[in-house]
Engineer: 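Below you'll find the structure I mean.
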Amino acid sequence: MTRVPGRRLRSVVQRLHRRYGDQHWWPGDGGFEIMVGAVLTQNTAWVNVERALANLRREAHLAPERIAVCHPRRLARLIKPSGYFNVKAKRLRNFCRWYMEQGGTAALRRRSTEDLRHGLLSVNGIGPETADDILLYAFERPVFVIDAYTRRVLSRLGMIRGDEPYDELRLGLEHALGPDVPLFNEFHALLVRHGKDVCRPKPRCDACCLRRGCGRIGLRTED
DNA sequence: ACCCAGGGTCATA
DNA sequence: TATGACCATGGG
């Protein structure tokens, strides 16, 4: 099991927050819109998701009962800007049908986090990261979201290897930080922000994200 | 022209 | 268990 010192993790959060400030995640409003956004943003830039969400809102389709019965063609046309529109149309419909079968938000809110997570993962098109986005940002459960930025930033800081299985990392970070919804919310948003800023897949300069890049912005964990 | 983005599924070994 | 192909738009 991956062990990460909570002390160092909190230090990273502090420095990221000093650099970037409050991220105010999740952007947009309403629990259901967050869930739709979580599916649409799979491997997709958020700006394109906003266009898709705007289309859905304009056609009064940003509601589970509308999406659940929407013809895949039309749904695909509405969400086209977010890419992978054919697969995502099916995924959205799968999710909305499950969502309504379960009795909607009120019924889902009464469930335990573990039960909810298991249910979300049973939907074809909802993987671990999307499920955890929904759990943390829509249901405000203390679940740490692991994504490519988390792996990249923390591995370049030497705190993890980076190729650990999803749940191993998630449980490791949850254990290190303790159940803390506002902290998990802000930390994940800051990791994404930092990744977009300087921690690129292919570093532009020498050890950009570790020795130089992160050093410049006070993120170096050595010294 | 190239890289990349707030992943997941499915077939294959 | 672990790779690889595939899905597709749009910004820098």
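Lettering follows sequence order; numbering is per chain, from 1.
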Engineer: Please tabulate, for side-chain N and O atoms in residues 64-71 of chain A, each donor-acceptor pair with protein atoms closer than 3.5 Å (sequence neighbours left out).
Structural biologist:
| residue | atom | partner | partner atom | Å |
| --- | --- | --- | --- | --- |
| A/Arg66 | NH1 | A/Ala60 | O | 3.3 |

Engineer: Ignoring hydrogens and geometry beyond distance, is a side-chain donor-acceptor pair present between A/Arg109 and A/Thr105 at under 3.5 Å?
Structural biologist: no
Engineer: Between C1' on B/dA5 and CZ on A/Arg152, what's the gap in Å once rounded to a whole number?
Structural biologist: 9 Å
Engineer: Over how many whole Å does the gap from A/Lys90 atom NZ to B/dT9 atom P extend?
Structural biologist: 13 Å
Engineer: Can you find a side-chain donor-acceptor pair between A/Arg58 and A/Asn55 that sits under 3.5 Å?
Structural biologist: yes
Engineer: Using a 4.0 Å cut-off on heavy atoms, which residues in residues 113-125 of chain A reach DNA chain B? List them by number, or say none.
Structural biologist: A/Val123, A/Asn124, A/Gly125
Engineer: Within this structure, what is the CH2-to-P distance between A/Trp26 and B/dG6, rounded to whole angstrom?
Structural biologist: 10 Å
Engineer: Rounding to an integer number of angstrom, what distance separates B/dG8 and C/dG10 when you compare their P atoms?
Structural biologist: 22 Å
Engineer: Which ones in residues 173-190 of chain A lie close to DNA chain B, meaning a heavy atom under 4.0 Å from one of its atoms?
Structural biologist: none
Engineer: Charged N to carboxylate O below 4.0 Å: is that the case for A/Arg141 and A/Asp132?
Structural biologist: no
Engineer: Check ring-ring contact (aromatic ring centres under 6.0 Å, His included) between A/Phe32 and all other residues, then give those that pass, not counting sequence neighbours.
Structural biologist: A/Tyr99
Engineer: Less than 4.5 Å apart, any side-chain heavy atom of A/Val49 and any of A/Trp46?
Structural biologist: yes
Engineer: In whole angstrom, give me the gap between the P atoms of C/dA5 and B/dG6.
Structural biologist: 24 Å
Engineer: Going by side-chain heavy atoms closer than 4.5 Å, which hydrophobic residues are tied to A/Tyr84, directly or by a chain of links?
Structural biologist: A/Val87
Engineer: Heavy atoms only, 4.0 Å cut-off, all strands: where does A/Asp133 land among base, sugar-phosphate and nothing?
Structural biologist: nothing
Engineer: So what does A/Val87 hit on the nucleic acid, given a heavy-atom distance under 4.0 Å: a base, only sugar-phosphate, or nothing?
Structural biologist: sugar-phosphate
Engineer: Side chains of A/Leu92 and A/Leu40: does their closest heavy-atom pair fall under 4.5 Å?
Structural biologist: yes
Engineer: Quick check for you: name the first and last nucleotides of DNA chain C, 5' to 3', having an atom under 4.0 Å from a heavy atom of chain A.
Structural biologist: C/dC7 to C/dG11
Engineer: Separation of A/Arg91 atom CZ from B/dG7 atom P, in whole Å?
Structural biologist: 11 Å
Engineer: Taking any heavy-atom pair under 4.0 Å as a contact, classify A/Ile126: base, sugar-phosphate, or nothing.
Structural biologist: sugar-phosphate
Engineer: Separation of A/His24 atom NE2 from B/dG6 atom C1', in whole Å?
Structural biologist: 18 Å
Engineer: Could you tell me whether a side-chain N or O of A/Glu164 sits under 3.5 Å from a main-chain N or O of A/Gly162, the two making a donor and an acceptor?
Structural biologist: yes
Engineer: Determine whether the aromatic ring of A/Trp25 stacks with the base of B/dG6, defined as ring centroids separated by less than 5.5 Å and ring planes inclined by less than 30°.
Structural biologist: yes
Engineer: Hydrophobic cluster mates of A/Leu171, side-chain heavy atoms under 4.5 angstrom, ILVMFWY only, any path?
Structural biologist: none
Engineer: What is the separation between atom NZ on A/Lys196 and atom C1' on B/dC3, rounded to the nearest whole Å?
Structural biologist: 16 Å
Engineer: Within a strict 4.5 Å, meaning less than it, do heavy atoms of the A/Leu75 and A/Leu56 side chains meet?
Structural biologist: yes
Engineer: According to ring-ring contact (aromatic ring centres under 6.0 Å, His included), who are the partners of A/Phe187, at least two apart in sequence or on a separate chain?
Structural biologist: A/Phe144
Engineer: A/Pro165 near the nucleic acid: base, sugar-phosphate alone, or nothing, with a heavy-atom cut-off under 4.0 Å?
Structural biologist: nothing
Engineer: Give A/Thr130 one of three labels, base, sugar-phosphate or nothing, depending on what nucleic acid heavy atoms sit under 4.0 Å from its own.
Structural biologist: sugar-phosphate
Engineer: Taking OH from A/Tyr166 and P from B/dG8, how many angstroms apart are they, rounded to a whole number?
Structural biologist: 8 Å
Engineer: Would you check if A/Leu154 and A/Leu9 make a side-chain contact, meaning some heavy-atom pair closer than 4.5 Å?
Structural biologist: yes
Engineer: Show me the pairs that pass side chain to side chain donor-acceptor pair (under 3.5 Å) and involve residues 171-180 of chain A, at least two apart or across chains.
Structural biologist: A/Arg170-A/Glu174
Engineer: Among residues 32-61 of chain A, which ones have heavy-atom contacts with DNA chain B below 4.0 Å?
Structural biologist: A/Thr41, A/Gln42, A/Asn43, A/Thr44, A/Ala45, A/Trp46
Engineer: Write out all pairs satisfying side chain to side chain donor-acceptor pair (under 3.5 Å) with one or both partners inside residues 23-36 of chain A, taking only residues at least two apart or from two chains.
Structural biologist: A/Glu33-A/Arg57
Engineer: Please convert DNA chain B into dot-bracket. A pair counts if it is Watson-Crick or G-U wobble with both distances under 3.5 Å; crossing pairs go in [ ] and bases paired with another strand get |.
Structural biologist: .||||.|||||||
Engineer: If you define the side chain from C-beta out and look only at heavy atoms, does anything of A/Thr150 sit under 4.5 Å from A/Val145?
Structural biologist: no
Engineer: Provide the closest heavy-atom pair for A/Ala138 versus A/Gly31 in the form atom of the first, atom of the second, distance.
Structural biologist: CB-O, 3.8 Å
